[in-house]
Amino acid sequence: MAFTPLNALNAFLVVGRRRSFAAAANELGISPSALSQSVRQLEARLGVPLLTRTTRSVSLTDAGQRLLERAGPSVENALEALRTATASAGEVTGRVRLSVPTIALSTVVTPILLRFAARHPRVEVELRVEDRFVDIVAEGLDAGIRPVEALERDMVQVRLSKRYRFVIVGSPAYLKRKGTPQRPEDLLEHDCLNIIMPSSGVRYAWELERGKKTWRIPVRGPLLCTSEATLMTLAEAGLALMYAFEPTVMPSLKRGTLRCVLEPYAATVDGLFLYFPSRAQVSPAFRAFVDVAREVTAERP
């Protein structure tokens with residue numbers, strides 16, 4: 001890969017956004033060794049390290065973080081201009097990068113993606129499905145999806161769902177074997193499938209509410225896991241109770257493979273929102289995505 005400052009800058013930006021030489025090389029269509037050499041040449045020309053490399057991870061130095069934040073949007077706009085030059089009049093092109101939590105994928109994001117892909121086939125959507133708090137600016141993303149309670153004040157918010165509940169569910173076999181809890185405190189005597197927060201490794205306490213009273217129950221059980229799909233499979237198999245996003249388990253509730261318990265204590269949250277910086281330079285591709293998201297959300301019952 002011949003060295004030019006702009007090629008090297010783009011190479012660095014992709015590595016910084018991906019936090020991985022292998023993933024960045026795959027996106028750019030070059031070898032990891034050529035990519036590493038290009039970034040090292042850029043570092044040598046600037047006289048500062050931009051990345052901290054270990055055998056398992058890649059992270060940004062302070063200088064690298066500043067370069068990613070300041071150069072990333074400009075380079076992306078330039079690349080978008082090149083893609084637009086080959087598009088037909090009125091055709092939207094480009095890429096939209098999103099951070100999406102698992103709970104939003106099937107119930108919220110998929111219907112939007114289906115319509116968006118049909119309407120704008122030349123826009124590539126990059127989804128990062130991850131259950132951690134993501135700094136979308138630092139990681140070069142256009143937007144993220146989170147519950148409104150987790151949003152920073154300076155973010156533009158676009159509602160993607162109505163209010164929803166977190167419910168506790170168990171299989172008929174488990175409830176027959178262990179009985180049905182009647183009060184939040186009863187959960188301390190039950191087997192519960194524990195959710196681990198990927199960003200911190202912390203065990204998640206189950207939150208319940210009734211009227212103005214709230215509970216945070218430090219449940220225990222046979223399994224700790226970060227995958228909601230895995231937890232649902234094991235809950236349906238009768239291993240233990242599960243704390244779940246209600247729309248995600250609704251098909252299982254309708255089939256009867258799972259049943260709600262302690263339903264009067266189900267915690268309600270305000271919903272899921274698409275968010276992005278209020279000062280962001282919004283690309284035509286992302287603007288089109290927001291328009292479709294609003295349209296699909298407005299049609300939801």
Is there side-chain contact between Val15 and Leu51, with heavy atoms separated by less than 4.5 Å?
-> yes
Is it true that Glu43 and Arg45 have a side-chain N and a carboxylate O under 4.0 angstrom from each other?
-> no
Among all residues two or more places apart in sequence or in another chain, which pass the side chain to side chain contact (heavy atoms under 4.5 Å, CB included) test with Arg115?
-> Arg119, Val292, Glu295, Val296, Glu299
Can you list the residues that meet the ring-ring contact (aromatic ring centres under 6.0 Å, His included) rule with Phe116, with sequence neighbours excluded?
-> His120, Phe289
So does Arg165 pair up with Glu209, basic N to acidic O under 4.0 Å?
-> no
Measure across Leu272 and Ser161 and return the closest heavy-atom pair with its distance rounded to 0.1 Å.
-> N-OG, 2.8 Å
Just checking, Arg210 and Tyr265: is the charged tip under 6.0 Å from the six-membered ring centre and within 45° of the axis?
-> yes
Other residues, nucleotides, ligands: >12 heavy atoms within 6.0 Å of Arg163 CZ | yes
Rounded distance (nearest 0.5 Å) linking atom OG1 of Thr180 with atom CD1 of Ile168 = 12.0 Å
Can you tell me how far the CE atom of Met250 sits from the OG atom of Ser106, to the nearest 0.5 Å?
-> 12.0 Å
Determine the interplanar angle of the Phe166 and Tyr243 rings, folded into 0 to 90°, and report it as parallel if under 30°, tilted if 30 to 60°, perpendicular if over 60°.
-> parallel
Could you grab the distance from atom CG of Leu68 to atom CG of Leu50, nearest 0.5 Å is fine?
-> 10.0 Å
Among the clusters formed by ILVMFWY side chains lying less than 4.5 Å apart, do Leu188 and Leu262 turn up in the same one?
-> yes
In the single-linkage hydrophobic clustering (I, L, V, M, F, W, Y; side-chain heavy atoms under 4.5 Å), do Leu127 and Phe276 co-cluster?
-> yes
Leu187 side, atom CG; Leu208 side, atom CG - distance, nearest 0.5 Å = 6.5 Å
Pairwise distance CG(Leu98) to CD(Glu126) - rounded to 0.5 angstrom | 8.5 Å
Non-hydrogen side-chain atoms of Thr61 and Val48 separated by less than 4.5 Å = no
Here the gap from Thr268 atom OG1 to Glu207 atom CD, rounded to the nearest 0.5 Å, amounts to 12.0 Å
For the residue pair Tyr174 and Leu239, establish whether any side-chain heavy-atom pair is separated by less than 4.5 Å.
-> no
Check the surroundings of atom NZ in Lys176: do more than 12 heavy atoms from other residues, nucleotides or ligands lie under 6.0 Å from it?
-> no
Stepwise side chain to side chain contact (heavy atoms under 4.5 Å, CB included) test for Tyr275 and Val158 | CA-CA 6 Å; Tyr275 69 98; Val158 178; over 6 Å; no
With the threshold set at 4.0 Å, does a side-chain nitrogen-carboxylate oxygen contact exist between Asp142 and Arg97?
-> no
Tell me, do Pro181 and Leu241 make a side-chain contact under 4.5 Å, heavy atoms counted?
-> yes
State plainly whether the residues Glu27 and Arg17 are in salt-bridge range, i.e. N to O under 4.0 Å.
-> yes
Hey, does Arg159 have a side-chain heavy atom less than 4.5 Å from the side chain of Arg294?
-> no
